[in-house]
Amino acid sequence: MEGTSTFHLPSTDHVRYTNGVLSLDGLALDDVVAEVGSPAYVYSLDVMAAAMERARVAFAPLGGEVSYSVKANSNLAVLARMVRMGAGFDVVSGGELSRVLAVGGDPARTTFAGVGKTDEELALAVRHDVLVNIESSDECEALNRVAAALGRTVRCGIRINPGVTVDTLAPMQTGSAKAKFGVPATEARALVDAWLAGRYPRLTPVGVHMHVGSQVPEPSGVVRGCEVLLDVLEYAQQRGLEEFRRFDIGGGFPIDYGGPAVPTVEDFAAALTPLLGGRSELDVYLEPGRSIAGPAGVLVAKVLYRKHRPGQRMLVLDTGMHHLIRPALYRTDVHRILPVVHGPSAGPTVVVGPVCESTDTFSEHAELPDLVPGDLVAFMDAGAYGMVMASHYNTNRNPPEVVVENGVARVSRPREEWSSLYASEVWSQGVS
Ligand code: LLP
């Protein structure tokens with residue numbers, strides 16, 4: 001990084017100022033935009049791969065296997081890189097499973113979670129021998145029926161709601177007793193009993209699953225959740241379900257968005273070691289998404305206009321909540337915004353997008369130089385839950401996704417055309 005700066009740079013060093021210009025993996029982001037236009041998502045696949053490897057190494061002493069949580073970033077080039085690393089996958093819809101299959105992901109190492117799986121989605125999973133993490137006795141009935149119709153069996157885990165509230169943003173708390181996710185431990189034991197009584201002959205129970213939340217600020221909630229899972233697992237094993245050994249602790253590892261310091265994946269592994277270390281009766285799995293993809297990506301955008309408000313500097317960008325909804329959705333300044341060309345801060349700036357919603361505001365007080373129309377900014381840590389949550393609101397196009405590998409950039413997904421946004425709509429009776 002150059003000189004003194006008021007800009008808070010990411011903790012990883014793949015995004016940095018080189019000769020005054022912000023670069024990712026050594027590629028100047030203004031050059032990337034000159035090629036592909038603005039706005040654009042840019043991801044370092046090498047940084048994602050390194051984060052995956054780091055999680056593997058951290059959990060190796062616990063025998064942990066790492067699956068990539070596809071919901072964080074489902075770009076095919078990202079998934080293909082994970083396939084090359086031999087990763088498993090955590091999917092949450094038929095669409096995500098189709099993406100994994102399209103790039104040659106191993107269905108035997110893919111798990112399907114989610115509170116509302118349709119028959120069509122369950123059938124896709126069953127046909128490909130994907131493990132299904134079930135969430136209710138109704139779902140067990142449905143899955144048993146779907147598998148029977150296909151003349152097959154299917155491996156199942158029980159998604160458990162451990163009744164643990166972690167100190168993250170409320171929308172990201174998924175393990176509290178009131179959350180819609182999983183079944184309470186008592187119901188999980190009842191499901192085990194139903195299996196033993198032969199109620200779901202097409203389902204092969206293999207273990208337990210949880211995900212207590214995302215951007216989890218410290219490991220104790222995960223440890224408490226694991227205690228609940230262990231109880232259910234022991235209950236099942238003691239009743240003779242010896243193959244019931246899968247112990248999937250979900251994802252949730254936090255990343256440094258520029259707020260308070262967050263624990264590392266190694267800290268989580270260390271916190272879990274007293275409980276899970278040396279237990280040969282468990283097969284431990286984890287499924288991180290954000291910590292793999294988040295820091296690896298940026299969203300680059302252009303200043304369209306300045307707006308003059310009493311006592312306020314305001315910039316209007318060519319990107320908004322339709323491309324990066326997290327600040328609007330979670331009502332927090334979650335992504336640092338850096339100028340692509342380095343310059344001294346001109347003071348707090350309100351940064352907004354073009355969408356017709358007041359919540360289309362990225363920051364009320366970004367520290368930015370005195371930018372003018374045409375200047376570029378970059379949103380940090382936008383590799384996870386960025387493009388995957390983009391919409392076409394206001395009939396806006398989605399940006400291209402550029403992936404960088406070995407210092408070489410390529411467009412993985414091109415910018416959409418306006419006409420493609422309505423190409424499949426029927427607007428007349430088509431009388432022939
Ligand atoms: N496994 C399950 C079952 C999950 O539900 C999730 C995330 C993950 C793994 C991956 O969690 P991660 O390691 O990425 O924290 N839209 C929000 C995040 C919602 C995550 C939901 N589940 C955001 O923009 O921050």
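FYI, the numbering just counts along the sequence from 1. Hydrogens, waters and symmetry mates are skipped; everything else that's a heavy atom, side chains included, is used. Read the numbers this way: they start at 1 and go in the same order the structure lists the ligands and their atoms.
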**Request:** May I ask you to list the atoms of ligand 1 that are less than 4.0 angstrom from any heavy atom of M389?
**Result:** 16 (N), 24 (O)
**Request:** Tell me, yes or no, whether the heavy-atom count around E35 atom CD, taken from other residues, nucleotides or ligands under 6.0 Å, exceeds 12.
**Result:** no
**Prompt:** Would G252 count as a contact of ligand 1 if the rule is a heavy atom under 4.0 Å away?
**Reply:** yes
**Request:** Could you establish whether Y330 and ligand 1 come within less than 4.0 Å of each other, counting only heavy atoms on the residue side?
**Result:** yes
**Message:** Less than 4.0 angstrom from a charged side-chain N to a carboxylate O is my criterion; do D381 and R336 meet it?
**Reply:** yes
**For P288, atoms of ligand 1 separated by under 4.0 Å from a heavy atom** = 13 (O)
**Message:** Below 4.0 Å from ligand 1: does a non-hydrogen atom of A72 turn up there or not?
**Reply:** no
**Item:** Shortest protein contact, atom 10 (C) of ligand 1 (heavy atom only)
**Value:** S69 OG, 3.4 Å
**Prompt:** Any idea which atoms of ligand 1 are less than 4.0 Å away from a heavy-atom of R326?
**Reply:** 23 (C), 24 (O), 25 (O)
**Asked** CD of Q312: more than 12 outside heavy atoms within 6.0 angstrom?
**Response** yes
**Request:** Using a strict cut-off of 4.0 Å, indicate which atoms of ligand 1 neighbour a heavy atom of E287.
**Result:** 1 (N), 2 (C), 3 (C), 8 (C), 9 (C), 10 (C)
**Asked** Knowing that exactly one of H211, K71, H209 qualifies, which makes a side chain to side chain donor-acceptor pair (under 3.5 Å) with E287?
**Response** H209
**Request:** Check the pair F268 / F253 against ring-ring contact (aromatic ring centres under 6.0 Å, His included), numbers first and verdict last.
**Result:** CA-CA 8 Å; F268 278 82; F253 308 112; 5.1 Å; yes
**Message:** Just so I know, are the side chains of P39 and P399 near enough to count as touching, which here means a heavy-atom distance under 4.5 Å?
**Reply:** yes
**Fill in**
For G289, the atoms of ligand 1 under 4.0 Å from one of its heavy atoms are 12 (P), 13 (O), 14 (O)
**Asked** What class does the angle between the rings of H335 and Y257 fall in, given that below 30° is parallel, 30 to 60° is tilted and above 60° is perpendicular?
**Response** perpendicular
**Request:** Please state whether D90 comes within less than 4.0 angstrom of ligand 1, counting heavy atoms only.
**Result:** yes
**Prompt:** With a 4.0 Å heavy-atom cut-off (strictly under), which part of H211 contacts ligand 1: side chain, backbone, both or neither?
**Reply:** side chain
**Asked** Of the protein's non-hydrogen atoms, which lies at the shortest distance from atom 21 (C) of ligand 1, and what is that distance?
**Response** K71 CD, 3.9 Å
**Item:** R246 NZ/CZ over F244 ring centroid, <6.0 Å and within 45° of normal
**Value:** no
**Request:** Check ligand 1 against R159 and write out every atom of the ligand that is under 4.0 Å from a heavy-atom position of the residue.
**Result:** 3 (C)
**Numbered atoms of ligand 1 (with element) below 4.0 Å of S214, judged on heavy atoms** = 7 (C), 11 (O), 12 (P), 15 (O), 20 (C)
**Request:** Find all atoms of ligand 1 within a distance of less than 4.0 Å from any non-hydrogen atom belonging to G251, and give their numbers and elements.
**Result:** 9 (C), 13 (O)
**Asked** Above 12 or not: heavy atoms from other molecules or residues under 6.0 Å from OH of Y393?
**Response** yes
**S291, any N or O under 3.5 Å of ligand 1 N or O** = no
**Asked** When rounded to the nearest 0.5 angstrom, what is the spacing between CD in E401 and CG in N398?
**Response** 8.5 Å
